[in-house]
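The structure appears right after this line, and notes come after that.
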Amino acid sequence: MTKYIIRRLLQTIPVLIGVTILVFSLMHLVPGDAAKIIAGEGASDQTVENIRERLGLNDPLYVQYGTFVGNAVQGDLGSSIRSGRPVMDEIGARFWVTFELAFYSTIVAVFLGLIAGIISAVRHYTLTDVTVMIIALFGLSMPNFWFGLLLIQWFAIGNWMPESLEFLKMRPSGWGDDWRQVVLPVLTLGTGGAAIIARMTRSSMLEVIGQDYIRTARAKGLTERIVVYRHALKNALIPVVTVVGLEFGGFLGGAVLTETIFAINGMGRLTIDAIRTRDFPMVQGTVLVISVLFVVVNLLVDVSYRYLNKRIDLN
Amino acid sequence: MISKDNVLEVRNLQTSFSTDKGEVRAVDGVSFDVPKGKTIGIVGESGSGKSITSLSILRLLAENGKIKGGEIRYKGEDLTKVSEKRMRELRGNEISMIFQEPMTSLNPVYTVGQQISEALISHQGMNKKQAMVRSVELLKLVGIPSPEKRVKAYPFELSGGMRQRVMIAMSLACDPEILIADEPTTALDVTIQAQILELIKDLQERLGMSVIFITHDLGVVAETCDYVAVMYAGQVVEYSDIRTLFKQPKHPYSIGLLNSLPRHDIDQEKLMPIKGNVPSPHEMPTGCRFAPRCPAATDLCRAKMPELMTDDSGNQIRCWIYSDEWPGEKEVNVYGETRIAKG
Ligand SMILES: Nc1ncnc2c1ncn2[C@@H]1O[C@H](COP(=O)(O)OP(=O)(O)O)[C@@H](O)[C@H]1O
Ligand code: SF4
Ligand SMILES: [Mg+2]
């Protein structure tokens, strides 16, 4: 197992190199002169030249790349053009907001998804199963932002809301001091994720329940509860773990719409704002951090999959 | 020969599956007795309903399967009628089963010890520690080397033969009255097959349980069984003691089966497989199911299904030749052998 983890860690190195090259190229792939764009319209040639010098844009590409990676490894991603503050500090401030959102959303997704999936599988081809799966299909096909808007409409704007639920109302400043404001955005992200997990759990459970070892478990005289929860579920969860991990990774990097709708100052919005204002170091920084997070989450998913699935030959 | 001391009596069992193509009557007229402490064999070609018979006894059929008729009497209780709760008390405790596929019959995510322990914990009220101690003993009983170590192994760490030994250990955990072994050696290498057969025989003698041994191999039956039920197309066509079956088989299908078995005492040239094919479950013949292939078939055979009849020696046979109604010759030639008709 340790050997596997080490090998898997080594495998991430080429991926990370690829990511840094891509991110680095961002600056050079933009049409036009990056320095000019940064300087803004009407800037003097001297200003542009200064910016070019400051960003090291006159150096050969490989030197620039080397500097970029060298700095990045030390946690230095340059400074934001807009605010002048170090990119890493800005990201650090926003990261935990996104992380919290992703984390709670994943918990909601897993909780709802597993329950729905197990019920559906145990009662397969009954009315319950069909109902749950139709709801899941809705959850899957409904765009997140639309569901988010609906939730805002129902809870935050509508004035029929009972007093006790007042806390759900969004404040203009968005994600604020009250932890309870997490509820709506987390529901928005979580339900979509739950639908995927429910479908995965159901199909995985159904496949496992047809296996020979489930018949063996029944032949031992175990109760149906033990057969389902001890013998079937543990096997059925192995592929689900992968989906959960990937969803969490997706939430970390791709909650842009949800963050925008609920005015949450997370990584997604930081990226979008940076792109809009052509804050290149910031774009590079956020894309790099999100990519690295993805690689790390993938690594964790693979390792836990391997751990759960002891059947797989470790070579 | 039918002794009064039967632990299990199966009478005219009928088990069907509902499928897209309609009802499949996989088992349709199976009767046999399991005398206490004896081994009975169920032989028949693949698809003749052997596994479905054994799964019916434990009521472990797939969801689309159902016992439609007949009786399964275990010590006076009719297993087709008892509650699911009662069935759970019996499964793995008084009647246990080992399956054809040792590679897939163990749960991959639990250790051997955990899987053997379960039956002990649920039926004998042992705690985890006692169950583990007993699991080690059981592994030793079935001849697994260094059982203290193997008890902690996961199935993927064991070979097919070892896994089948684990399955046997698991099935013996609660000292069952009846062990059902459904083609326990079919999926194994020839050398391992012999070892597993020897093990089951040896354990049967030591523990005194009854064994229902299912196989498509008559050679295996000759070595292990006291009585044999021959199945054809979902029915028992002959049930007799082992000596009678091998010396003087009665049913034309049994005669054909024995003729196609390589034997040392007979010229290999005389070997002849039974012509024709097993009927598909969707188009069963209305009369005797063997009639389309039987060299002695008459119009009566094709029109009317023979019942399972008990003969003078207590053996059972499903064939018109041995009834008063037989319309053909007195001396019937079947696959080169002569049988005297009753009529
Ligand atoms: N789940 C099922 N659905 C429909 N038909 C089935 C099912 N299981 C078994 N059968 C049918 O029952 C018949 C007997 O099968 P089986 O008892 O497994 O034969 P065998 O003697 O080889 O053990 C086969 O013809 C098969 O088509
Ligand atoms: S009943 Fe007729 S067809 Fe069937 S086995 Fe006997 S002789 Fe052959
Ligand atoms: Mg079978």
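Just so we're on the same page: letters track the sequence lines, and every chain starts at 1. As the structure is a prediction and not an experimental result, all values here were calculated from the model.
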At a heavy-atom separation under 4.5 Å, does [X] approach chain A through its side chain, its backbone, both, or neither?
X	result
B:Glu63	side chain
B:Ser122	side chain
B:Met87	neither
B:Ile98	neither
B:Met103	neither

Are the side chain of A:Arg218 and the backbone N or O of A:Val227 linked by a donor-acceptor pair below 3.5 Å?
-> no

Pair count under 4.5 Å, heavy atoms only, with chain A: among B:Ala62, B:Gly92, B:Pro155, highest is B:Gly92

So which of B:Ser171, B:Ser105, B:Ala119 has the largest heavy-atom pair count under 4.5 angstrom toward chain A?
->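 Looking at each option in turn, the highest pair count goes to B:Ser105.
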
Distance-only donor-acceptor check, side chains [X] and [Y], under 3.5 Å:
X	Y	value
B:Glu94	B:Tyr74	yes
B:Glu23	B:Ser16	yes
B:Thr15	B:Ser56	yes

Check ion pair A:Glu224-B:Arg88 (N to O, under 4.0 angstrom) =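 So A:Glu224 does not pair with B:Arg88 through a salt bridge.
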
B:Thr104 OG1 to A:Asp212 CG distance, which is reported to the nearest 0.5 Å = 3.5 Å

